[in-house]
S.K.: 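First the structure, then my questions, so here it is.
Labels below follow one simple rule: chain letters A, B, ... track the order of the sequence lines, proteins then strands, and each chain is numbered from 1.
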There are 2 protein chains.
Amino acid sequence: MELTTAEENYLKAIYHLSVEGKKSVSTNDIAAEIRTKPASVSDMLRKLGEKEVIQYRKYYGLQITPLGIQLALQTIRKHRLWEVFLVDKLNFAWDEVHEVAEQLEHIQSLLLIERLDAYLNYPKFDPHGDPIPDAFGDVRSRPRIALQEMEIDQSGQIVAVKDSSPAFLRYLDKVGAYIGARIKVLDKVEFDGSVEILVDQKKTLFMSKDVASNILVLTA
Amino acid sequence: MELTTAEENYLKAIYHLSVEGKKSVSTNDIAAEIRTKPASVSDMLRKLGEKEVIQYRKYYGLQITPLGIQLALQTIRKHRLWEVFLVDKLNFAWDEVHEVAEQLEHIQSLLLIERLDAYLNYPKFDPHGDPIPDAFGDVRSRPRIALQEMEIDQSGQIVAVKDSSPAFLRYLDKVGAYIGARIKVLDKVEFDGSVEILVDQKKTLFMSKDVASNILVLTA
DNA sequence: AAAATAAATTAGGTTAAACTAAAAAATAAT
DNA sequence: ATTATTTTTTAGTTTAACCTAATTTATTTT
């Protein structure tokens, strides 16, 4: 089964919307995600349906198939491995990698990805803390909760972000809340949902509810 | 100036034919190089002419412009840097890299190439011994002659091959004539042009004229 | 120099992926 | 339960890159 670059991008978007966003995936959702027009999405859904990576009934809805999930995970695997390469080996900042990884993920060569994986020492998580599927598509993800949902005095480690826009990542970098940081919730303000945390047993940090709900923590 | 992947491939082919093959570049030559049809080439030449990377007068001929040369060299630079990466870091054999590098060379990111160059320690030659243009397109190539043209008792170092088809590269690997090998010409048979060489002061090797004329040597 | 051959280009068609505008179906509101 | 609104799909274009077949230009040959 061969997918074009465009097809891979659609499938990846559908996978993310299906898994992360729970409820059924709409044409408009996909258009927003891919930054394209709904009419283009309808076109592509028909094609993806014919290739049996999704089950598609027009006006009704779609469901990603096991084959589709497998292919999407391979693309995600490639994307995240390249991100590790860019950060670990080429010293990219974690907010600079996405665009380039978006291109690299479409390079076709099984050997390349296997070798890259070995070279990087079989990493299990990318620089944003997201799990890297193995060659069979298996993902071992750690149970994580939003910082927002933690209790006072609970501690843990920042492992990922929900919103990975460059602006947000830069903000985190600036205030010193990097992936891997060990944190403890010192206080929560009921009124506005903001929280106060201790980072690495040194620095105290205030953050709004908006920020805190975008940070994922592996609780101890 | 932005070139598409196809445009980059055509320009690269035109550059190679212009520089390596001397005489004027024909539509048919390009078609053969790119494995496409002459009609498609005509189409593309018009487009490349409009973008001013070549000077083109139909039925008459073409010439690559300084801008075209610069852009072609950037693509070649990327291709050869990726080849170094694949061989040095990911342990690819030198006959396995071309296809993958052909894809990687089109990734667009100046930062990526600069970082990769630094990571590889600013290599000057790729695994086939071809020179890597620097960020400004400057190439420092070593003066090389074909093994075929060497005199008896002359010695040197294998630095490149003309024909880099996988079959030829595999053959070289098998007989132990790798890039970097130090050699000395022991004998030349006038009758058929074949040569006998000593490799690394150890192994004696016979090769046909065809093979010898495809091996480039930096003479001592 | 005219005829034959070879090379290059144009004309017209295909496919993938996008788009706008219009139509159809599903959902929500009165 | 009609009407209004939103969502989705279809119809018809556009662009890039290819193709075949036909034509035009250039080059050889006689």
Side-chain angles (χ1 to χ4, degrees), chain A residues 1-14 17-18 21-64 68 71-72 75 102-103 105-108, chain B residues 1-14 17-18 21-64 68 71-72 75 102-103 105-108:
Chain A
M1 252 292 284
E2 302 275 291
L3 295 184
T4 66
T5 291
E7 287 168 344
E8 279 184 358
N9 284 334
Y10 273 95
L11 192 57
K12 205 166 48 118
I14 290 167
L17 292 169
S18 298
K22 310 227 184 269
K23 62 175 183 189
S24 75
V25 181
S26 78
T27 300
N28 276 339
D29 290 345
I30 299 169
E33 181 87 2
I34 307 266
R35 289 149 178 287
T36 184
K37 294 281 140 52
S40 308
V41 176
S42 286
D43 242 32
M44 185 56 93
L45 293 182
R46 190 182 39 70
K47 274 194 268 181
L48 293 178
E50 283 165 12
K51 294 205 169 184
E52 306 197 338
V53 295
I54 63 171
Q55 240 188 293
Y56 173 57
R57 269 177 53 203
K58 59 188 192 180
Y59 291 112
Y60 179 82
L62 67 90
Q63 212 184 345
I64 191 165
L71 293 173
T75 305
E102 206 65 23
Q103 297 179 60
E105 74 186 8
H106 301 294
I107 303 290
Q108 296 196 304
Chain B
M1 252 292 281
E2 302 273 295
L3 297 184
T4 65
T5 292
E7 287 168 345
E8 278 184 359
N9 284 333
Y10 273 95
L11 192 58
K12 204 167 46 117
I14 291 168
L17 291 169
S18 300
K22 312 233 182 263
K23 61 174 185 188
S24 75
V25 181
S26 78
T27 300
N28 276 338
D29 291 345
I30 299 169
E33 181 88 1
I34 307 265
R35 287 149 179 287
T36 183
K37 294 283 137 60
S40 308
V41 176
S42 286
D43 241 32
M44 184 57 94
L45 292 182
R46 190 183 38 71
K47 274 192 270 183
L48 293 177
E50 283 166 11
K51 293 205 171 184
E52 306 195 339
V53 295
I54 63 172
Q55 238 189 293
Y56 174 57
R57 270 178 51 206
K58 57 188 193 181
Y59 291 110
Y60 180 82
L62 67 90
Q63 214 185 344
I64 190 165
L71 293 175
T75 305
E102 207 63 22
Q103 297 179 60
E105 74 187 9
H106 301 295
I107 302 290
Q108 298 196 302

S.K.: I'd like to check B/Y10 versus B/I30 (side-chain heavy atoms, cut-off strictly below 4.5 Å). Are they in contact?
M.R.: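 B/Y10 reaches B/I30 side chain to side chain.
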S.K.: Check B/Q108 against B/L3 and note the closest heavy-atom contact, atom names and distance.
M.R.: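 Taking every non-hydrogen atom into account, NE2-O, 4.1 Å.
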S.K.: To the closest 0.5 Å, what do you measure between NE2 (B/H106) and CD (A/Q103)?
M.R.: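 It is 11.5 Å, given to the nearest 0.5 Å.
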S.K.: Could you work out, with side-chain contact (heavy atoms from CB on, under 4.5 Å) as the rule, every residue matching A/E33, not counting sequence neighbours?
M.R.: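 So A/E33 forms a side-chain contact (heavy atoms from CB on, under 4.5 Å) with A/A13, A/L17.
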S.K.: For A/S18 and A/V25, which heavy atoms make the closest approach, and how far apart are they?
M.R.: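 Here A/S18 and A/V25 meet closest at OG-CG2, 3.5 Å.
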S.K.: Under 3.5 Å, which donor-acceptor pairs do the side chains of residues 34-47 of chain A form with other protein atoms, sequence neighbours left out?
M.R.:
{"unit_1": "A/R46", "atom_1": "NH1", "unit_2": "A/E50", "atom_2": "OE2", "d": "3.3"}

S.K.: Could I get the full list of salt bridge (charged side-chain N to carboxylate O under 4.0 Å, His left out) partners for B/E52, not counting sequence neighbours?
M.R.: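 Partners of B/E52 by the salt bridge (charged side-chain N to carboxylate O under 4.0 Å, His left out) criterion come out as none, since no residue qualifies.
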S.K.: Minimum heavy-atom separation for B/E102 and B/E105, please, with both atom names.
M.R.: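 So the minimum-distance heavy-atom pair works out to O-CG, 3.4 Å.
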S.K.: Could you give the distance from CD1 (A/I14) to CD (A/Q63), rounded to the nearest 0.5 Å?
M.R.: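 The distance works out to 12.0 Å.
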S.K.: Below 4.0 Å from chain A heavy atoms, what is the first contacting nucleotide of DNA chain D and what is the last?
M.R.: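 Extent of the interface on DNA chain D: D/dT7 to D/dT10.
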S.K.: Nucleotide by nucleotide, 5' to 3', does protein get under 4.0 Å of the base (B), only the sugar-phosphate (S), or neither (-) in nucleotides 6-20 of chain C, counting heavy atoms?
M.R.: -SSBB-----SSSBB
S.K.: Determine whether a donor-acceptor pair (N or O, by modelled atom type, separation under 3.5 Å) exists between the side chain of A/K51 and the backbone of A/E2.
M.R.: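 Confirmed, A/K51 side chain pairs with A/E2 backbone.
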S.K.: How large an angle, rounded to 10°, do the end axes of the helix from C/dA1-D/dT30 to C/dT30-D/dA1 enclose when each is built from five base pairs?
M.R.: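 So the angle between the two local helix axes works out to 10°.
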